[in-house]
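Read the numbers this way: they start at 1 and go in the same order the structure lists the ligands and their atoms. Values in this document were obtained by computation on a predicted structure and should not be read as measured data.
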Amino acid sequence: MIPLVDLKAQYAAIQPEVDAAVQRVLRDASFVLGREVEAFERAFAAYCGVPHAVGVASGTAALHLALQTCGVGAGDEVITTPHTFIATAEAISHCGARPVFVDIDPATYNLDVARLEAAISSRTRAILPVHLYGHPVPMDRVQAVARRHGLPVIEDAAQAHGAAYDGRRVGAWGDAACFSFYPGKNLGAYGDGGMVVTGDAGIAARVRMLRDHGRRAKYAHEVIGYGERLDALQAAVLGVKLHHLDAWNAARQRAATRYRDLLAGVEVVLPPDGARAQPVYHLFVIRTAERDRVLADLRAAGIGAGVHYPRPLHLQPAYAHLGYAAGSFPHAERAAREVLSLPLYPEITDDQLAAVATVLRATVRACQSSGHVS
Ligand SMILES: Cc1ncc(COP(=O)(O)O)c(C=O)c1O
């Protein structure tokens, strides 16, 4: 069995450090916000190369609070991609605003910046690009469009801790950026967690208030806020793991390079590898027209392949009210039919990578010889 991700292997590698951090929090008995959270906020801000970071309860909360703080409210529109996890769009909806989708660039699976400007209307209030699979969006081009229209950019960096574009880390490009620390992420907690990072002290202060019931001081509630705080146990674990993030991302990159070598000549489309992008391979996503058959064969061989994501957001029942039809975003719809995530995690061994490649090669050949793959 080769899992899609292996969190047990990661814990085994860092157990003494993690256990010591957890014990420290238990002895301290300060469980919500407090100095563990503050220390991790400082460390993560420095990692991203921004002055401010605010710990929150999840990536979804980070997106919601960042959007609200940037002025997104009822009746507004926010432009994003339909090929992402639903939390991206939910955060827009939680502000009372409407997600406006633009199709993806089929080469990168990210929002196609060439289509961005045409989607801007008088109601557009923000742009929300997603660095999907750990592959960064060309942020210079997003920023150029946003500046022309006076719009804030909020990065969804939930899958891209440590990724960079033109050498500048994601999180350091937008007016604000949002991270998830869901356990399987490149930097994952042992539960839920999230972070808003920003260069703007005003945005940071407002997110800080909103995450904690609209207050800066106990029982002095200046605005109506939320209970969306990061807890100290998660912050302590994340503080330990942050020291390993660059090494883990490098191991992911090595595994991705190995897959590229092993899969040379196999008729599947490999992940993008642009010169200006420095991806962190949250997922290693290939595409093939015979995805469902290949997926079934991999799973039958004990390989934990996955699909991220099988249905684009504009075709989800939850977003039927937006009125998009099948065919609205052909590249996103095709990606949903064809993408396949292969096992990839920092601890994956060469033998495991080779085993996945062997099964994949055989499966794709079998599909070809039965005339399914063009
Ligand atoms: C692209 C994207 N955005 C947002 C989220 C939401 O993060 P969380 O699960 O921490 O709420 C996730 C992760 O689940 C994600 O992958």
Side-chain angles (χ1 to χ4, degrees), residues 4-5 7 37 40 44 53-68 72 78-95 99 101-102 104 108-111 126-137 139 142 153-163 170-171 174 176-197 207 210-211 226-231 233-235 237-238 241 252 279-285 306-313 316 318-319 332 335-336 339 341 344-345:
L4 185 64
V5 295
L7 297 181
V37 171
F40 177 60
F44 195 70
V54 185
V56 294
S58 67
T60 310
L63 288 163
H64 172 204
L65 301 188
L67 287 165
Q68 185 172 327
V72 175
V78 176
I79 300 174
T80 193
T81 164
H83 185 62
T84 177
F85 183 58
I86 194 166
T88 310
E90 282 176 326
I92 298 168
S93 305
H94 292 159
C95 294
F101 299 121
V102 298
I104 59 167
T108 64
Y109 308 106
N110 280 331
L111 175 152
I127 299 171
L128 180 42
V130 182
H131 307 293
L132 200 71
Y133 308 149
H135 191 90
V137 173
M139 288 304 294
V142 174
V153 176
I154 294 142
E155 298 171 69
D156 182 339
Q159 302 190 0
H161 319 68
V170 305
C178 303
F179 290 86
S180 164
F181 303 123
Y182 188 76
K185 299 293 196 251
N186 289 34
L187 180 61
Y190 293 146
D192 278 310
M195 189 76 89
V196 178
V197 304
V207 174
L210 284 179
R211 76 174 170 181
Y226 305 88
E228 297 283 21
R229 302 165 298 214
L230 183 62
D231 72 65
L233 278 169
Q234 303 309 338
V237 168
L238 289 163
K241 288 189 169 195
R252 287 174 181 274
V280 289
Y281 294 98
H282 172 56
L283 293 166
F284 188 89
V285 176
V307 173
H308 302 87
Y309 298 88
R311 195 193 286 204
L313 297 187
Q316 290 286 354
Y319 280 113
V339 292
S341 309
L344 189 143
Y345 40 90

Legend entry - Geometric N/O contact Thr84 with ligand 1, under 3.5 angstrom: no
Inset, instruction - Please step through side chain to side chain contact (heavy atoms under 4.5 Å, CB included) for the pair Leu132 and Thr84, ending with a clear verdict. - result: CA-CA 7 Å; Leu132 200 71; Thr84 177; 4.2 Å; yes
Inset, instruction - Enumerate the atoms of ligand 1 whose separation from the nearest heavy atom of Gly59 is less than 4.0 angstrom. - result: 7 (O), 8 (P), 10 (O), 11 (O)
Inset, instruction - Taking all heavy atoms of Ala189 and all of Gln234, pick out the closest pair and write down the distance. - result: CB-OE1, 3.1 Å
Inset, instruction - Return the orientation label for the Tyr319 and Phe101 ring planes: parallel under 30°, perpendicular over 60°, tilted otherwise. - result: perpendicular
Inset, instruction - Would you check whether Phe181 has a nitrogen or oxygen atom less than 3.5 angstrom from a nitrogen or oxygen atom of ligand 1? - result: no
Legend entry - Ligand-residue contact atoms, ligand 1 with Val130, heavy atoms, under 4.0 Å: 1 (C)
Legend entry - Atoms of ligand 1 close to Thr88 [distance to a heavy atom under 4.0 angstrom, numbered from 1]: 3 (N)
Inset, instruction - Could you list the atoms of ligand 1 found under 4.0 angstrom from a heavy atom of Ala87? - result: 4 (C), 5 (C), 6 (C)
Legend entry - Protein heavy atom at shortest distance from atom 15 (C) of ligand 1: Ala158 CB, 3.5 Å
Inset, instruction - Look at the aromatic rings of His64 and His94 and report parallel, tilted or perpendicular, splitting at 30° and 60°. - result: perpendicular
Inset, instruction - Answer whether the closest heavy-atom distance between the side chains of Gln159 and His131 falls below 4.5 Å. - result: no
Legend entry - Nearest non-hydrogen protein atom, atom 13 (C) of ligand 1: Lys185 NZ, 2.8 Å
Inset, instruction - Give the numbers and elements of all ligand 1 atoms closer than 4.0 Å to a heavy atom of Ser58. - result: 10 (O), 11 (O)
Inset, instruction - Please round to the nearest 0.5 Å and tell me the distance separating atom NE2 of His161 and atom CZ of Phe181. - result: 5.0 Å
Legend entry - Closest approach of any protein heavy atom to atom 16 (O) of ligand 1, naming residue and atom: Gln159 NE2, 2.8 Å
Inset, instruction - Give a yes or no answer on whether the side chain of Asn186 reaches the backbone of Val280 with a donor-acceptor pair at less than 3.5 Å. - result: yes
Legend entry - Minimum non-hydrogen distance to atom 1 (C) of ligand 1, winning option of Val56, Asp192, Thr60, Asp156: Asp156
Inset, instruction - Determine yes or no for a side-chain-to-main-chain donor-acceptor pair under 3.5 angstrom, with Arg229 supplying the side chain and Gly55 the backbone. - result: no
